[in-house]
Amino acid sequence: MSRTTPPRSVDVTAVFPQLAPLARPATRLHPRPGSPTPHDSSVGGPLLWPADEPWPYCDELHGLYDSSVDEWHEGPNPMVPVAQLYVRDIPLLRPPGQADLLQVLWCPFEHEPDYKPPTALFWRSSAEVTDIRAAPSGPSAVEYDGYLPKPCVLAPEQITEYPNHLELSKELQQQLEDWSRWREAGPGMDGSYAPYPESFYRSQLSVAPGWKVGGWPQWGFTDPVPRLCPACGTAMDALLTIASNEWDRNNHGWVPYEDQALAALDDAAAANPPGVEVSRSNRLQLYVCPESPDHPHTDLIQ
């Protein structure tokens, strides 16, 4: 089933024309429970992994006690499929060369120094994969069940986003805090935001929640920091946001029409179909260098 995000109640560029050139496309992935195959785009599903290519392992130490066998497991640890994205489903992806498939894996264990799961990205041409390798039976060390995504099919939907308010100029931030400017927006403006109109922009008009490709990053856990390629210093592009929730249980403005009845039940599991929980219900944002796919990607928790 497709998913459709309701249109924003206010055309923010009509009120603040300075935002128009800052618009960015994003693809909401809308992962929902299902039975994906290696030939499908998915979250937590089986990968189209070549039989003649070794499965990736995390070589870090893990130090996890397994009470079932009374042993400490230190590694290596087989990495876990997080997402598989075909360009045919998400044209916003910009693959290198003839690749048409992005595969994202991680170690389901938080590692120092930033206490987040290490990730690995693989671009490949699906046409070149004839024999498929099955994933290992399971990782030996799992720090939290929230790092084992449940299989989900996707319903990609392209939307438009605007920067988080912290990335805007001080002048524009001050304008967003001016309720008299927002009154020009007409009846679509929610009057309950009058004491703090900036929150209306932040929660309803700028950055969508949930899993997505591209768009603008969300900030709040930290202030915005430049994401620069460690190899060449170029500003990096937002690739993928791995989210702990598809919507905010206290704010249903971004809930697709098809899920609004479900969201009204206020069920935490319904708001997080893959069951992923990144570092206490945050997001893991992946960035790539636009200059070369051979340059290392970076990640950031927000």
Is it true that R32 and D259 make a salt bridge, defined as a side-chain N closer than 4.0 Å to a carboxylate O?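 So R32 pairs with D259 through a salt bridge.
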
Check whether any side-chain heavy atom of [X] lies under 4.5 Å from a side-chain heavy atom of [Y], and answer yes or no.
X    : Y    : answer
T234 : P290 : yes
L102 : I90  : no
L239 : L121 : yes
V213 : L29  : yes

Flag this pair as yes if the NZ/CZ of R202 is under 6.0 angstrom from the six-membered ring centre of W219 and inside a 45 degree cone about the axis; otherwise no.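 R202 over W219 ring: no.
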
Taking the six-membered ring of W211, is NZ or CZ of R283 closer than 6.0 Å to its centre and within 45° of its axis?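 No, R283 does not lie over the aromatic ring of W211.
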
Strictly by modelled atom types, are Q204 and S9 linked by a side-chain donor-acceptor pair under 3.5 Å?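 There is no such pair (donor and acceptor under 3.5 Å, judged by atom type) between the side chains of Q204 and S9.
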
Shortest non-hydrogen contact from [X] to [Y]?
X    : Y    : answer
R24  : G215 : NH1-O, 3.3 Å
M79  : W55  : O-NE1, 2.9 Å
P6   : V255 : CD-O, 3.2 Å
E167 : P163 : CB-CB, 4.2 Å
V10  : A185 : CG1-CB, 3.7 Å
S42  : P36  : CB-CB, 3.5 Å

When you group the ILVMFWY residues by side-chain heavy-atom contacts below 4.5 Å and let the links chain together, are V87 and V129 in the same group?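 No; V87 is not reachable from V129 via cluster members.
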
For residues 4-23, which residue pairs qualify under ring-ring contact (aromatic ring centres under 6.0 Å, His included), counting only residues two or more places apart or in two chains?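 Pairs touching residues 4-23 that pass the test: F16-W182.
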
Hey, is the main chain of [Y] close enough, under 3.5 Å, to the side chain of [X] for a donor-acceptor pair?
X    : Y    : value
N77  : C107 : no
R181 : V15  : yes
S41  : Y86  : yes
N272 : S244 : yes
S206 : Y201 : yes
W254 : S203 : yes
R249 : D266 : yes
Q285 : Q218 : yes
Q302 : N282 : no
Q103 : L48  : yes

Measure the acute angle between the ring planes of Y196 and Y193, then classify it against the limits of 30° and 60° as parallel, tilted or perpendicular.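 Perpendicular, since the angle between the ring planes exceeds 60°.
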
Should we say atom CG of D145 is surrounded by more than 12 heavy atoms from elsewhere, each under 6.0 Å from it?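 Not more than 12 within 6.0 Å, no.
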
Decide if atom CD of E128 counts as having more than 12 heavy atoms of other residues, nucleotides or ligands within a radius under 6.0 Å.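 Counting other residues, nucleotides and ligands, CD of E128 stays at 12 neighbours or fewer.
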
Applying side chain to side chain contact (heavy atoms under 4.5 Å, CB included) to L166 and D223, what does each step give before you reach the verdict? CA-CA 7 Å; L166 295 174; D223 287 340; 4.2 Å; yes

Nearest 0.5 Å please: distance from the OH atom of Y287 over to the CG atom of L240.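 That separation rounds to 11.0 Å.
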
Just how far is it from atom OH of Y162 to atom OG1 of T13, taken to the nearest 0.5 Å?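 Between Y162 OH and T13 OG1, I get 4.5 Å after rounding to 0.5 Å.
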
Partner residues of T37 under the side chain to side chain donor-acceptor pair (under 3.5 Å) criterion, sequence neighbours left out: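 Result, side chain to side chain donor-acceptor pair (under 3.5 Å) vs T37: D40.
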
